[in-house]
Amino acid sequence: MDAVENACVITKDGKVYKCFGVKDRVFPDFDLGEEFFGATMSHNHPITETMFSFSKDDLDLFEKYHLEMLRGCDEKYTYQFTRNAKDIDEFVDYDITKITEEVYQHSRVIQMAQQYGIGYRRWKNE
C-alpha cells in the first residue's frame, strides 16, 4: 500500500483521473475543480495515518462536493459513503472499557452518517 494518499476519481461524465496526494491528504477538489461535483472517488489511507475508517475531512469532502460515492481503504478495511441512507452498518453498543481505536472510529462514523442521512459501510479486506 502507498505511503501517501492517492485517489481515483470518476466524474459524472465518466472521465477517470488519478490524483496524487501527500502523507495524510489528497486534493481532488483542487485538482479537478467543478468537475469533482457529483463524482465517485476511491482513495487509500496509509497505515501510518489511518483511523480504520473515514475522517471528518472525508465526510466534509463527500458532502461539500455532493459525491455519489466515496470509498476509502487501508490495510485492514474498505469503507464507503453513499447517498442511500438505508445502506448503513448497525451501531453496536460496546463496553467502553474494552473499546479499541478502530471500533471507536467506526462507531463515530456510523453516528455521523446517521446525522447526515447518508449510507456508510465498512468491511474487512480479504
Measuring only between side-chain heavy atoms, which start at C-beta, is Lys18 closer than 4.5 Å to Asn6? yes
From Lys86 NZ over to Ile88 CD1, what is the distance, rounded to the nearest 0.5 angstrom? 13.0 Å
Applying a strict under-4.5 Å side-chain criterion to I, L, V, M, F, W and Y, I'd like to know whether Tyr65 and Met112 cluster together. yes
Using the ring pair (Phe, Tyr, Trp, His ring centres under 6.0 Å) rule, pick out the option among Phe81, Phe37, Tyr79, Tyr116 that qualifies with Phe62. Phe81
Heavy-atom distance under 4.5 Å between the side chains of Glu5 and Pro46, does that happen here? yes
Pair up each side-chain donor or acceptor in residues 47-55 with any protein partner under 3.5 Å, not counting sequence neighbours, and list the distances.
{"residue": "Thr50", "atom": "OG1", "partner": "Phe52", "partner atom": "N", "Å": "2.9"}
{"residue": "Thr50", "atom": "OG1", "partner": "Asp74", "partner atom": "OD2", "Å": "2.7"}
{"residue": "Ser53", "atom": "OG", "partner": "Tyr120", "partner atom": "OH", "Å": "2.6"}
{"residue": "Ser55", "atom": "OG", "partner": "Asp57", "partner atom": "N", "Å": "3.3"}
{"residue": "Ser55", "atom": "OG", "partner": "Asp58", "partner atom": "N", "Å": "3.1"}
{"residue": "Ser55", "atom": "OG", "partner": "Asp58", "partner atom": "OD2", "Å": "3.3"}

Quick one, Arg71 and His43 - any side-chain contact, counting heavy atoms below 4.5 Å? no
Run through the side-chain heavy atoms of Ile, Leu, Val, Met, Phe, Trp and Tyr, join any pair under 4.5 Å, and report what else lands in Phe27's cluster. Val22, Phe30
Does the ring center of His45 lie less than 6.0 Å from the ring center of Tyr77? no
As an exercise, state the distance from CE of Met41 to CG of Asp29, rounded to the nearest 0.5 Å. 8.5 Å
Can you name the residues that form a side-chain hydrogen bond (donor to acceptor under 3.5 Å, both in side chains) with Tyr104, not counting sequence neighbours? none
Step by step, would you call Val26 with Phe20 a side chain to side chain contact (heavy atoms under 4.5 Å, CB included)? CA-CA 6 Å; Val26 67; Phe20 299 93; over 6 Å; no
According to salt bridge (charged side-chain N to carboxylate O under 4.0 Å, His left out), who are the partners of Asp31, at least two apart in sequence or on a separate chain? none
Distance col, row Arg121:CZ vs Ile110:CD1, nearest 0.5 angstrom, shows 9.0 Å
Using side-chain hydrogen bond (donor to acceptor under 3.5 Å, both in side chains) as the criterion, list what pairs up with Glu68, not counting sequence neighbours. none
Is any side-chain heavy atom of Val103 closer than 4.5 Å to one of Glu101? no
Please round to the nearest 0.5 Å and tell me the distance separating atom NE2 of His106 and atom OG1 of Thr100. 10.5 Å
Would Glu102 and Lys76 pass as an ion pair if we require N to O under 4.0 Å? yes
Between the side chain of Asn125 and the main-chain N/O of Thr78, is any donor-acceptor distance below 3.5 Å? yes
Is any side-chain N of the basic residue among Asp89 and Arg122 closer than 4.0 Å to the acidic one's carboxylate O? no
Checking Thr11 against Phe36 for the side chain to side chain contact (heavy atoms under 4.5 Å, CB included) test, could you report, in this order, the C-alpha distance in whole Å, the side-chain angles of both residues, the deciding distance, and whether it holds? CA-CA 6 Å; Thr11 67; Phe36 191 50; over 6 Å; no
Partners meeting side-chain hydrogen bond (donor to acceptor under 3.5 Å, both in side chains) with Glu63 (sequence neighbours left out): Arg83
Given side chains that start at C-beta, do those of Ser107 and Phe91 come closer than 4.5 Å, heavy atoms only? yes
Between Leu59 and Ile118, is a side chain to side chain contact (heavy atoms under 4.5 Å, CB included) present by the stated rule, with each step listed? CA-CA 10 Å; Leu59 176 60; Ile118 60 176; 3.5 Å; yes
